[in-house]
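Working notes, structure below.
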Amino acid sequence: MTNKKQVEEIGIRTEFIKLDSFLKYAGVTETGGQAKEAVMEGLVLVNGEVCTMRGKKIRPGDVVAIDDLELHVVAEEM
């Protein structure tokens, strides 16, 4: 039995957004502190690899995954 991932597209208006800020912006965590903890604990995957750098630059085209949630980053028109 496979777990069904929930896939969402999240648009950003800037060239990039830092990973911890992205998690808060996308509504995955309520606070930046929770986002930082999730990243530091190795719970977040960026493009299929565990990422523990909370300042990692997330750009359109990247895929951020945590738990059963997969977030596809897309460029949003300004």
Side-chain angles (χ1 to χ4, degrees):
M1 189 172 131
T2 58
N3 278 355
K4 184 81 173 136
K5 281 203 179 283
Q6 181 180 343
V7 178
E8 286 183 32
E9 278 192 356
I10 303 292
I12 62 172
R13 289 192 174 103
T14 53
E15 180 187 345
F16 66 85
I17 184 171
K18 291 182 179 176
L19 179 56
D20 57 352
S21 299
F22 176 75
L23 293 173
K24 185 177 175 199
Y25 171 74
V28 175
T29 61
E30 288 182 24
T31 67
Q34 289 173 340
K36 177 182 169 185
E37 279 183 33
V39 173
M40 301 298 275
E41 289 174 14
L43 303 176
V44 181
L45 291 138
V46 177
N47 299 326
E49 295 184 14
V50 172
C51 182
T52 55
M53 300 183 312
R54 63 190 178 104
K56 167 109 175 122
K57 292 178 181 176
I58 302 302
R59 303 174 189 278
D62 286 338
V63 176
V64 177
I66 182 168
D67 297 326
D68 61 349
L69 185 59
E70 193 173 280
L71 304 170
H72 294 251
V73 185
V74 295
E76 213 172 74
E77 294 299 317
M78 290 198 210

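Each residue takes its place number in the sequence, starting with 1.
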Salt bridge (Lys or Arg N to Asp or Glu O under 4.0 Å) filter on Glu41, not counting sequence neighbours, yields none
Which atom names give the shortest non-hydrogen contact between Glu77 and Arg13, and what distance separates them?
O-NE, 4.0 Å
Residues 43-57 side chain polar contacts: donor-acceptor under 3.5 Å, at least two apart:
residue : atom : partner : partner atom : Å
Asn47   : OD1  : Val63   : N            : 2.8
Asn47   : ND2  : Asp62   : OD1          : 2.9
Arg54   : NH1  : Asp20   : OD2          : 3.3

What donor-acceptor contacts under 3.5 angstrom involve side-chain atoms of residues 24-32, with partners at least two apart or in another chain?
residue : atom : partner : partner atom : Å
Tyr25   : OH   : Gly11   : O            : 2.8
Thr29   : OG1  : Thr31   : O            : 3.2
Thr31   : OG1  : Gly33   : N            : 3.4
Thr31   : OG1  : Gln34   : N            : 3.0

Let's go through Ile58 and Lys18 carefully: what are the C-alpha distance in whole Å and the side-chain angles of both, what is the deciding distance for side-chain contact (heavy atoms from CB on, under 4.5 Å) to 0.1 Å, and is it a yes or a no?
CA-CA 6 Å; Ile58 302 302; Lys18 291 182 179 176; over 6 Å; no
Is there side-chain contact between Glu76 and Ile12, with at least one heavy-atom pair below 4.5 Å?
no
Using 0.5 Å steps for rounding, measure from the NZ atom of Lys4 to the CD atom of Glu70.
10.0 Å
Establish whether Ile10 and Ile66 are linked, either directly or via other cluster members, by ILVMFWY side-chain heavy-atom contacts under 4.5 Å.
yes
If we only count heavy atoms from C-beta on, is the Arg59 to Val73 side-chain gap below 4.5 Å?
no
For Pro60 and Ala75, work out which heavy atoms get closest and say how close.
CB-N, 3.7 Å
